[in-house]
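These notes concern the structure reproduced below.
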Amino acid sequence: MAVEAKERPEAETVGSSPARRLSVTQREGLEQHFGPTDVRVDLLRLPVVGPLLDRAVRSRRFQFSAILPNQIVFWLVIVTGLVGAALPTRNFATVITWYVWFCVVFLLMVGVGRGWCVMCPFGGAGEWVQRLSFWQRHPISIGLHRKWPESWSRYGMLPSVGVFVAMTWAEEFLNIAGPGRPLFTGLMVIFIISFAVGTFLVFDRRTFCRYVCPLTALIGTVGSTGMVAGLRTRDREMCLRCPTKDCMRGSEKGYPCPWYEWPGSATSNNMCGLCTECIKNCPYDNVGIFVQSPLNSVIAPVRRRLDIAVAVLIFFGLVIFQQVNALGFYMPLDNRLNQITHFFGYPNPIAYVGVIALVSLLGVGYVWILRAVFARRDAQTAAGGRSGVSTWLAPLAYGLIPLMGVDYLARQLPKFWLDSPKLIAAISDPFGFGWNLFGTAHLGIAGAQILTPEGVVISQVVLVALGTAGAVYATFRIVRRDLAPLTRHPRSLGLVTAAAWLLSGAGVAALYVAMGAAT
Ligand code: SF4
Ligand code: SF4
Ligand code: SF4
């Protein structure tokens, strides 16, 4: 049901220039939050599709309808993984999860932002249980309703980074995504759903999604390359005067923002789960779904987050490890390290953490050198303090996001190009028992490869080249705006940083060539 636009808040309707009537504090807020990242194209105001989309997102069933198909698929993954045949290339659980799903999630991250979060069955399951409702606005929610402690929230996304790093190591150790035994894939999905539901029952709203989910930091960082700006307000000055703030507080039409966001102050798409509750809630019809140019949420944010910068370096280290460990020389090295450290299995945790730490420290070290060379001695930050390494690290690490993001996507491509057609057979024989439910189990196309191994490598190199170009472009823009006041040589700083990203991109591409489409 369409929400009727109420009369605008009083200050909005008086006088010719609302901005001029703001108090000094409000004006500062306006500049800080709204100026540079204003987005212009509102999907809900497009001709023809706009009204249809508008109607869809105002429906309380919107997110439920997006989640339900994935919920069904993931419960099928659990069942087929647990009781199906131990045939990773034929069992539905392994085929859909590792040949298709993981690649699609990364594609959504790079292209859209938090597109996956709209339809995610893990957050969906937790929210359904917490709200005791699939879609209706239920006045009561269950659980302990704990708040994420203030002292923990200062670490931002880093708990999620830790969970992702730990789970990726466990996945490599058990060879889950290899893919290995379908049983492990089924157990992994059970673990994530239980982890999500348990956290939803302890903490309020989508605390799990904001801080803990193993994917949230990766989606939040890589997703900033995407073209969906998130849900933003059409008239941001109106939000400053809005007496109700129903988008944050909730109303009888919708839940308070589950991600603890305020659309009126969003300067990036990092933390908007696109759930559309704020559209349903806003009494002034002031929320739209905006698209933006690619990389906008990398370049434009006025508030750079150090946790995101650290996450970028750690994620880059992790994906580099995943490339290096696919090379022939790595296994003997890992075995040798196991002998020395008396560890069993692969990968050796010291090597795993070591590579991640090495790449991260190289990044920090490089920024330290840049600051030592380029910083103006008399430079001060906007807050009036000296510009420390973190002041430089945050913007420069944001510039690396496009390369890091495409590196993750490129790493998924071999499985997708070479093995995703196997899903055609797995649909007819999900348990690998020899069934032929829909007559597709023995189709020749199910054994085909979309690209040859050479084609896979070319697609990876092209993708990395695009990501590198994006990183170089973003870095120049970021340096020009964020670091220009701190150096007398912004152009040289941009050039030197861009050269480092070019070198990194060339290294990443060379690794893909050396891997030869290894999955
Ligand atoms: S943050 Fe994680 S659990 Fe939440 S919706 Fe996104 S992927 Fe799903
Ligand atoms: S988006 Fe929120 S703050 Fe802005 S006008 Fe609507 S309810 Fe008020
Ligand atoms: S309520 Fe609005 S701002 Fe909050 S997560 Fe949902 S769509 Fe994003």
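Numbering starts at 1 and runs along the sequence shown. Bear in mind the structure is a predicted one, so any value in this text is a computation, not a measurement. Counting starts at 1 for both ligands and their atoms, following the listed order. Computed from heavy atoms alone, side chains included, the values below leave out hydrogens, waters and symmetry copies.
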- Item | Working for side-chain contact (heavy atoms from CB on, under 4.5 Å), residues Ile67 and Phe122 | CA-CA 9 Å; Ile67 291 171; Phe122 309 125; over 6 Å; no
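Every atom of ligand 1 with a heavy atom of Phe208 under 4.0 Å away is listed here by number and element: 3 (S). The atoms of ligand 1 that sit less than 4.0 Å from any heavy atom of Cys209 are 1 (S), 3 (S), 4 (Fe), 5 (S). Those atoms of ligand 1 with a heavy atom of Arg206 less than 4.0 angstrom away are 4 (Fe), 5 (S). Every atom of ligand 2 is numbered from 1 in the order shown, and the set under 4.0 Å from a heavy atom of Val287 is 1 (S). Taking every non-hydrogen atom of Trp116 and a distance limit under 4.0 Å, the qualifying atoms of ligand 1 come out as 7 (S). Residue Cys120 approaches ligand 1 through these ligand atoms, each under 4.0 Å from one of its heavy atoms: 3 (S), 5 (S), 7 (S), 8 (Fe). Atoms of ligand 2 lying under 4.0 Å from at least one heavy atom of Asp246, given by number and element, are 7 (S). Counting the atoms of ligand 3 from 1 in the order shown, those under 4.0 Å from a heavy atom of Leu274 are 7 (S), 8 (Fe).
Here the protein heavy atom with the shortest distance to atom 6 (Fe) of ligand 1 is Cys117 SG, 2.4 Å. Nearest to atom 2 (Fe) of ligand 1 among the protein's heavy atoms is Cys213 SG, 2.3 Å.
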Could you list the donor-acceptor pairs under 3.5 angstrom formed by side chains in residues 98-120, with sequence neighbours left out?
residue : atom : partner : partner atom : Å
Trp98   : NE1  : Ile176  : O            : 3.3
Trp98   : NE1  : Thr185  : OG1          : 3.0
Arg114  : NE   : Asn270  : O            : 2.6
Arg114  : NH1  : Thr216  : OG1          : 3.1
Arg114  : NH2  : Thr216  : O            : 3.1
Arg114  : NH2  : Thr216  : OG1          : 3.0
Arg114  : NH2  : Asn270  : O            : 3.0

Side-chain donor/acceptor pairs under 3.5 Å, residues 149-160, sequence neighbours excluded:
residue : atom : partner : partner atom : Å
Ser153  : OG   : Glu150  : O            : 2.8
Ser160  : OG   : Cys213  : O            : 2.7
Ser160  : OG   : Ala217  : N            : 3.1

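For the pair Arg137 and Glu252, the salt-bridge criterion is not met [side-chain N within less than 4.0 Å of a carboxylate O].
Within the protein, the number of N/O/S atoms found under 2.8 Å from atom 4 (Fe) of ligand 3 is 1.
When the salt bridge (charged side-chain N to carboxylate O under 4.0 Å, His left out) test is applied to Lys147, the partners found at least two apart in sequence or on another chain are Asp204.
Looking at Glu172 and Gln322, their side chains do bring a donor and an acceptor atom within 3.5 Å of each other. With 3.5 Å as the limit, one finds no donor-acceptor pair spanning the side chains of Asp235 and Tyr284.
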